[in-house]
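This report concerns only the one structure given below.
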Amino acid sequence: MQNYNNKNLKENLNAGECNTRYEHRVIEKKWQQRWLKEQAQQKHSSEVEQSEQKPKRKKKYILEMFPYPSGNIHMGHVRNYTLGDVLARFYRANNFDVLHPMGWDAFGLPAENAALEHQEHPKTWTKNNIDAMRKQLQSMGLDIDWTREIATCNPKYYKHEQNMFLDLLEKGLAYRKKAWVNWDPSENSVLANEQVIDGKGWRSGAIVEKRKLAQWFFRITQFAPQLLAALDGLEKWPEKVKTMQRNWIGKSQGCLIRFNIKKQQSEKVETLPKTLEVFSTRPDTIFGATFCAMSPNHPLCEKLAETNEELAEYVKQANSKANAQNNAEDKEKSGVDSKIRLEHPLDKNTLLPLFVCDYVLMEYGTGAIFACPAHDQRDLDFARKYKLDVKPVVLPKGKDSTTFAITDTAWVGDGTMIHSKFLDGLTTEKAITRAIQKLQENGLGEKKTTWRLRDWGVSRQRYWGCPIPVIHCKKCGVVPAPRETLPIKLPQDVSFDKPGNPLERAKEWRKTKCPSCKSEAERDTDTFDTFVESSWYFLRFCDPRNEKQAIAKQAQRWLPVDQYIGGVEHAILHLLYARFFTRALVECGHLTEIVEPFEGLFTQGMVCHATYQDEKSKKFLFPHQVKHGRGAQKNTYTDKITGAKVIRGRSEKMSKSKKNIVDPKSVITNYGADTARMFMLSDSPPERDLEWSGDGIKGAAKFMHRLWRIAEDINKEKKTQGNKSKDGIQENDERTKILSPNELQRATHQAIRDITIDIEQLRFNRAIAKLRSLSNDIEDCQKTSIATSTEVQKQREVAFACLLRLFNPFIPHITEELWQKIDGENTLAETTWPSFDEEKASEQEVVLAVQINGKMRAAMRLPANCEQTIAEKKALQQDNVQRNLGEASIKKIIFVPNKIVNIIVEREKTSETAAKAS
RNA sequence: GCGGGCGUGGCGAAAUAGGCAGACGCGCCGGCUUUAGGUGCCGGUGAGGAAACUCGUGGGGGUUCGAGUCCCUCCGCCCGCACCA
């Protein structure tokens, strides 16, 4: 579709006076090949050698989240990697040592699914995809150090991961336990808490079941306090992401209370524990407790269920229901009496019934609570349903204790304590302290902080992942694989014809000897969650070929990552895991002192596009299948082939399922990488969503041609300069705006100043706007009565050279080509970023606004930094000011240098007085 | 419900530190070039008004000589979390 347009452009250029035309295909290929060749020639030496050879310069580690090798890049990738590339090229031009690598998050389920579908081995599938995607990324002209490329499925990579795991094991940071886990019936695997969204698997969308399995866990909870506290120090992280992590870690302070279990009924309670622990953030409301509740998965409940059929039945029901409904608020609370009675810790005469309730979560606190219906909405809902007592103990301000009652809304706010014995009269805050104190005195409780964060379950029952390096021995139990046997490689010869884990069927591979007793033993058939690989890949880039260790000490000079760029969707998963893993690696001695892996984080917006649906069938159509009406038919859309009516839906994130995708390959082929990059960076601020548009890409393409034309003009001027005819300089066409060489020089220096700051702050849209502005200025700079054509030509040349240098990080191919065309020395990549001259950038003349009582009445030209008296005098001379002042008396004049003169008058000539006058 | 963000022309957006709102672009309109134009170039483009001028940054109020920007309040949209005791 876009070919049509391109052909026209070329024809036109051919027909015009231009000697050459802009052919992105030729140019981009030329430069990309050259860059790769140069890179290959600089043989990659180890970090140890490098650090000895190279003089120490400032470093920048620029990293974009590495892609999953699906086989094709999408627009999100294009945006992500373009953003990083601008920074990498910018800092290189500013004489930083820049690390800008790329790798592949190569393990994961899609490879296995593909294997199932196409009988292709995951390894082959992944490798082919990587090759295809590498080519696509290279066609974008990214300044990436391909000599450092890594793929996480490479045994040379995961060998270190297995080694790290053994360290974690030794340090007690990895452990195995039987636990309730999230089971995705579609993926036939366990999911981490973080991978369950609204009760469904994050990828499969299948409703997740609860199962109890033996699993490997990473003790991320050990670092909860540090992970939380250190967020405050991450100044270059978006507030949003920090908030999400804070919520996820979920610190809450309260107290632990032990309730004595009473042998109430005739149940066999001898084997039961003596006490039940509950957690509460509101111990002040302890006298409002009318019952207690525990989770169906609570150990005590499980114990009781062994002999209590009603309970057993309820537990079964609750677990199957647990994730069936995803909207928590709509869930009807239910429960069943456990028949256990608990003694109130501060009132021996009160016995509280213990219920098993589905609204109490085993994952949080102790899995049991005391319920205070008057002051907790959930408890109240439950109490009303089962006709339990509601006893208010907190009196809101301004209410009367004799009349205050709870109906269907619990009072969860502060107040004064009532009906609470020794707490009576205290404020909520003081009552909390006092209650904890009293419980502590009685040995029935203590202050306690709980965390929402759970340990990270890393076992996955899948083939295409990193094998967990442990051996199961019937005699010795779980034994770590000896380090010298690493890597434990995945077996090649496995079958994918059945669902389930192929490793379990790989009998030969499983068979091994116990390292400890040498008897027959079996390998663990689980593999790691792929988030384990992505938790340290950024470290490996620093020293990607080191076989002895994951990262040498010298290589750590690159750390931390200075600017990390990716989507917000990883705000908690990957970014939290990586923060944990880095700390764990410091603990295990792999890292010396780096605690925070990502100094700066930037979360880019999504790439969006309108959706198109066939009016009748409601089937989605790709944008390239849709014909847009023109003129009067402007807002009508039809199917290009069938002519059927199409409805245009709202703009949404590009996704395969809605078909609102534009393939980067076709854009790069038809318009070129520079045009695609230009469009990506132009209009929307990088953190905001970007609306893809065909017109937008055409606009960017148009600009490429314009740049080309300016270069041609400048070259022509240069050549004709000798014969003194003014042919080289275009005659004044009907341009309204004409710049003098002096003004162009000023604009150039201002551009250097402003654009440098914009790039540092990732305000690329602003930078591009200013670059376009400078291009306009170069075109508007013309011979005038006060400037000779030589002066104009010289200044245009200087300005254009500067424009190319400033533009290079954004559109690297065309700028290099034009640089060569105008005889620039070296290549742009080897040319240092320009510096600006404050003197030359500063305005000599400024326009001041003149206001009367804050209303703009005139504008006047004055020399920069002129004095107040001069400005005031001139302001008062302005015709329009005179007219508006009339006979009004001036009260005072406010003067802001180079900005404004505001004349404050008693009363401006009002319409009233004006009316009177007439 | 809790937490975070956003609201500026027809559209994407600019606007140091409170000082000429709308830079830069898309679209649209006009002109020139063109056999032709979904090409290129030149010009115009917030609204109202003949003009002077008035009105305009989600609504209302406030601080100030002066508010898109600061404060209060309300409304709307987007995102995240959500039975967290």
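Chain A is the first sequence line, chain B the second, and so forth, proteins listed ahead of strands; every chain is numbered from 1.
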Legend entry - B/A85 phosphate, OP1 or OP2, under 4.0 Å from A/Ser252 side-chain N/O: yes
Inset, instruction - Would you please say whether a donor-acceptor pair under 3.5 Å links the side chains of A/Asn902 and A/Arg857? - result: no
Legend entry - Nucleotide of B/G25, B/A85, B/G40 approaching A/Arg709 most closely (side-chain heavy atoms): B/G40
Legend entry - Gap in Å between the two C1' atoms, one belonging to B/G46 and one to B/G10, rounded: 10 Å
Inset, instruction - Among B/C83, B/A52, B/A85, find the nucleotide with the atom closest to the side chain of A/Val360. - result: B/A85
Inset, instruction - Quickly work out the A/Glu687 CD to B/G4 C1' distance and round it to whole Å. - result: 15 Å
Legend entry - More than 12 heavy atoms of other groups within 6.0 Å of A/Glu235 CD: no
Inset, instruction - Please examine the side chains of A/Thr243 and A/Lys240, heavy atoms only from C-beta on, and report whether any two atoms are closer than 4.5 Å. - result: no
Legend entry - Distance, C1' atom - from B/C72 to B/A67, rounded to whole angstrom: 15 Å
Inset, instruction - Could you work out the separation of B/A17 and B/C83 based on their P atoms and round it to a whole Å? - result: 42 Å
Inset, instruction - Side-chain contact test, heavy atoms from C-beta onward, threshold under 4.5 Å: evaluate it for A/Val241 versus A/Thr603 and give yes or no. - result: yes
Inset, instruction - Using the P atom as the reference point in each nucleotide, state the distance between B/G80 and B/A85 in Å, no decimals. - result: 22 Å
Legend entry - Pairwise C1' distance for B/A14 and B/G68, with rounding to whole Å: 12 Å
Inset, instruction - Determine whether A/His609 and A/Thr611 make a side-chain contact, defined as any pair of heavy atoms from C-beta on separated by less than 4.5 Å. - result: no
Legend entry - Note, A/Leu771 side chain near A/Ser773 side chain (heavy atom, < 4.5 Å): no
Legend entry - Base-paired stems that RNA chain B participates in, counting runs of 3 or more Watson-Crick or G-U pairs under 3.5 Å: B:1-7 with B:75-81, B:10-12 with B:24-26, B:27-32 with B:40-45, B:46-48 with B:53-55, B:58-62 with B:70-74
Legend entry - Validation row: A/Ile572, A/Gln245 side chains within 4.5 angstrom (heavy atoms): yes
Legend entry - CG-CE distance between A/Leu848 and A/Met860, expressed to the nearest 0.5 angstrom: 5.0 Å
Inset, instruction - Mind calculating the distance between CE (A/Met244) and C1' (B/G3) to the nearest angstrom? - result: 10 Å
Inset, instruction - With heavy atoms under 4.0 Å as the rule, sort A/Ser684 into base, sugar-phosphate or nothing. - result: sugar-phosphate
Legend entry - Closest to side chain of A/Thr281, choosing from B/A85, B/G25, B/G38: B/A85
Inset, instruction - Classify the nucleic acid contact of A/Met856 as base, sugar-phosphate or nothing, counting any heavy atom under 4.0 Å across all strands shown. - result: base
Inset, instruction - Report yes if at least one side-chain N or O of A/Arg772 is closer than 4.0 Å to OP1 or OP2 of B/A14; otherwise report no. - result: no
Legend entry - Side-chain N or O of A/Asn776 closer than 4.0 Å to phosphate OP1/OP2 of B/A23: no
Legend entry - Phosphate-side-chain proximity, A/Asn765 and B/A14, N/O vs OP1/OP2 below 4.0 Å: yes
Inset, instruction - Could you tell me whether the phosphate oxygens of B/A85, OP1 or OP2, come under 4.0 Å of any side-chain nitrogen or oxygen in A/Arg452? - result: no
Legend entry - Minimum side-chain heavy-atom gap A/Phe382-A/Pro373 below 4.5 Å: no
Legend entry - Nearest-Å distance for atom pair CH2/P, residues A/Trp248 and B/G4: 19 Å
Inset, instruction - Name the nucleic acid region contacted by A/Val847, choosing base, sugar-phosphate or nothing; use a 4.0 angstrom heavy-atom cut-off, strictly under. - result: base
Legend entry - Donor-acceptor side-chain pairing of A/Glu691 and A/Ser651 below 3.5 angstrom: yes
Legend entry - B/C77 versus B/G27 - spacing of their C1' atoms, nearest Å: 25 Å
Legend entry - Phosphate contact (B/A13 OP1 or OP2) by A/Arg688 side-chain N/O below 4.0 Å: yes
Legend entry - Nearest to side-chain heavy atoms of A/Ala769, which nucleotide of B/G3, B/C41, B/C24: B/C24
Inset, instruction - For B/C42 and B/G49, measure between their P atoms and round to the nearest Å. - result: 32 Å
Inset, instruction - Tell me whether B/G49 sits syn or anti, counting syn as a glycosidic angle within 90° of 0. - result: anti
Inset, instruction - Determine the contact category for A/Pro685: base if any of its heavy atoms lies under 4.0 Å from a base atom, sugar-phosphate if only primed atoms, P, OP1 or OP2 are that close, otherwise nothing. - result: sugar-phosphate
Inset, instruction - Classify the side-chain pair A/Ser295/A/Tyr359 by whether it contains a donor and acceptor separated by less than 3.5 Å. - result: no
Legend entry - Proximity to the side chain of A/Ile572 - top-ranked nucleotide from B/C81, B/A13, B/C24: B/C81
Legend entry - Listed nucleotide nearest any side-chain atom of A/Lys855, set B/C83, B/G38, B/U54: B/U54
Inset, instruction - Using a 4.0 Å cut-off on protein heavy atoms (strictly under), produce a 5'-to-3' string for nucleotides 60-65 of chain B with B for base contact, S for backbone-only sugar-phosphate contact, and - for none. - result: -----B
Legend entry - C1'-based separation of B/G56 from B/G7 [nearest Å]: 16 Å
Inset, instruction - Would you indicate which nucleotide in B/A85, B/G19, B/C24 comes nearest to any side-chain atom of A/Ser773? - result: B/C24
Inset, instruction - Would you mind telling me which of B/G40, B/C53, B/G19 lies closest to the side-chain atoms of A/Lys899? - result: B/G19
Legend entry - Listed nucleotide nearest any side-chain atom of A/Ile900, set B/C20, B/G25, B/A13: B/C20
Inset, instruction - Quick one: label A/Asn880 by what it contacts on the DNA or RNA (base, sugar-phosphate, nothing), any heavy atom closer than 4.0 Å. - result: sugar-phosphate
Legend entry - Length of the line joining A/Glu569:CD and B/G4:P, which is rounded to integer Å: 22 Å
Legend entry - Residues A/Ser334 and A/Tyr386: side-chain donor-acceptor under 3.5 angstrom: no
